[in-house]
Colleague: 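Okay, here's the structure, questions in a sec.
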Amino acid sequence: MKKTALLLILTFSLSLALCACGEEKPLLSATDYDLDAETAQTIRGVKIGDGADTFLAAYKDYDILSSVNGGDYQFLAAEDIPFDASLTTILPSFFVDGAAVEIDSFCEDNGIEKDALLPFLTDEAYLEHHAVVYQYLVFDWEDGQIKDIRSESMDYNKDASYYKAN
């Protein structure tokens, strides 16, 4: 179940790259995914109990995946996210050799199409020479407030086959 959910999140992240042509968003750094162990507060000051204003002040300029009422994840503009619904938001990023990856540039630099990004990043030959990590912050919402925050990641070098579709 978790494997399927992670694959869906990754698939939707890649679909953003396909749909958001021409839109350049800033990239989160690896430290943006750090959480304070005691408070679960992000490095940008967002914590459990905060509302949309605090969240958007910190993250509105980034790609935000949203799942409303347990539905499929989709990219919504910050102003279109229904924070008062049962909601999960995710801030995803790929890191190659420790650096955040801008999808368009990465694909262009490596001569690949965007729909070939995941197979490229999980290819054994590529992983022999590069560290590839997919990181994401997960915010669970109820009634306009953050109820939980998690920082999660998928390290392709540890077991790339885990992330490939069966």
Side-chain angles (χ1 to χ4, degrees), residues 2-35 41-46 52 54-68 71-81 83 87-139 146 149-166:
K2 185 175 182 181
K3 178 180 175 181
T4 302
L6 293 175
L7 283 170
L8 286 173
I9 292 167
L10 182 59
T11 300
F12 286 112
S13 295
L14 291 174
S15 70
L16 167 73
L18 296 172
C19 298
C21 298
E23 286 183 39
E24 204 164 310
K25 299 261 187 174
L27 300 174
L28 292 168
S29 70
T31 58
D32 285 313
Y33 291 91
D34 292 341
L35 292 177
Q41 181 171 322
T42 72
I43 198 165
R44 294 174 180 253
V46 178
T54 303
F55 176 81
L56 291 175
Y59 299 113
K60 72 177 176 190
D61 295 330
Y62 299 93
D63 291 327
I64 303 170
L65 269 168
S66 299
S67 170
V68 181
D72 291 339
Y73 282 94
Q74 57 187 316
F75 286 98
L76 298 175
E79 61 273 6
D80 294 334
I81 299 172
F83 289 101
L87 174 72
T88 300
T89 55
I90 297 176
L91 295 159
S93 292
F94 282 104
F95 292 86
V96 175
D97 299 330
V101 171
E102 195 284 311
I103 302 295
D104 288 334
S105 298
F106 184 85
C107 290
E108 184 177 320
D109 293 347
N110 289 284
I112 59 173
E113 297 294 322
K114 290 178 194 163
D115 60 355
L117 180 62
L118 185 57
F120 184 86
L121 291 174
T122 58
D123 184 79
E124 285 183 39
Y126 188 78
L127 293 172
E128 285 178 19
H129 297 82
H130 300 282
V132 179
V133 177
Y134 178 66
Q135 286 191 273
Y136 47 104
L137 279 173
V138 181
F139 298 83
I146 298 170
I149 303 173
R150 298 178 306 283
S151 180
E152 300 180 1
S153 66
M154 295 186 286
D155 184 334
Y156 293 144
N157 296 81
K158 287 187 178 174
D159 185 13
S161 64
Y162 177 87
Y163 310 107
K164 292 181 181 176
N166 292 327

Colleague: Identify the two heavy atoms, one from Ala78 and one from Phe83, that lie closest to each other, and give their separation to 0.1 Å.
Modeller: O-CE1, 4.0 Å

Colleague: Nearest 0.5 Å, please: how far is CD in Glu124 from NE2 in His129?
Modeller: 12.5 Å

Colleague: Parallel under 30°, tilted from 30 to 60°, perpendicular over 60°: which one fits the rings of Tyr136 and Tyr134?
Modeller: tilted

Colleague: Going by heavy atoms in the side chains, are Leu91 and Ile64 under 4.5 Å from each other?
Modeller: yes

Colleague: Is the closest side-chain heavy-atom distance between Ser93 and Tyr33 below 4.5 Å?
Modeller: yes

Colleague: Does some side-chain heavy atom of Lys114 sit less than 4.5 Å from a side-chain heavy atom of Asp104?
Modeller: yes

Colleague: Taking all heavy atoms of Leu28 and all of Phe95, pick out the closest pair and write down the distance.
Modeller: O-CZ, 3.6 Å

Colleague: Report yes if the side chains of Phe139 and Thr42 come closer than 4.5 Å at any heavy-atom pair, otherwise no.
Modeller: yes

Colleague: Would you say the side-chain atoms of Asn110 pair up with the backbone N or O of Ile112, donor to acceptor, closer than 3.5 Å?
Modeller: no

Colleague: Under a 3.5 Å threshold, yes or no: a donor from one side chain and an acceptor from the other, between Tyr59 and Thr89?
Modeller: no

Colleague: So, do Arg44 and Leu137 sit near enough that their side-chain heavy atoms are less than 4.5 Å apart?
Modeller: no

Colleague: Parallel, tilted or perpendicular: which fits the ring planes of Phe94 and Tyr156, with parallel below 30° and perpendicular above 60°?
Modeller: tilted

Colleague: Restricting to non-hydrogen atoms, name the atom on Gly45 and the atom on Thr54 that form the minimum distance, rounded to 0.1 Å.
Modeller: O-CG2, 4.3 Å

Colleague: Quick check for you: to the nearest 0.5 Å, what is the distance between Ile81 atom CD1 and Leu76 atom CG?
Modeller: 6.0 Å

Colleague: If I compare all heavy atoms of Val133 with all of Asp155, which pair ends up nearest, and what's the gap?
Modeller: CG2-CG, 4.1 Å

Colleague: Hey, are the side chains of Ser151 and Asp34 touching, using non-hydrogen atoms and a 4.5 Å cut-off?
Modeller: no

Colleague: Working to the nearest 0.5 angstrom, can you tell me the gap between Leu87 CG and Ile146 CD1?
Modeller: 10.0 Å

Colleague: For the residue pair Tyr126 and Val96, establish whether any side-chain heavy-atom pair is separated by less than 4.5 Å.
Modeller: yes

Colleague: Working to the nearest 0.5 angstrom, can you tell me the gap between Glu128 CD and Asn157 CG?
Modeller: 10.5 Å

Colleague: Examine distances only and state if a side-chain atom of Asp32 and a backbone atom of Ile43 form a donor-acceptor pair shorter than 3.5 Å.
Modeller: no

Colleague: To the nearest 0.5 Å, what is the distance between OG1 on Thr122 and CE on Met154?
Modeller: 11.0 Å

Colleague: Are Leu117 and Cys107 close enough that some pair of their side-chain heavy atoms sits under 4.5 Å apart?
Modeller: yes

Colleague: Nearest 0.5 angstrom please: Ile90 CD1 to Ser67 OG, how far?
Modeller: 8.0 Å

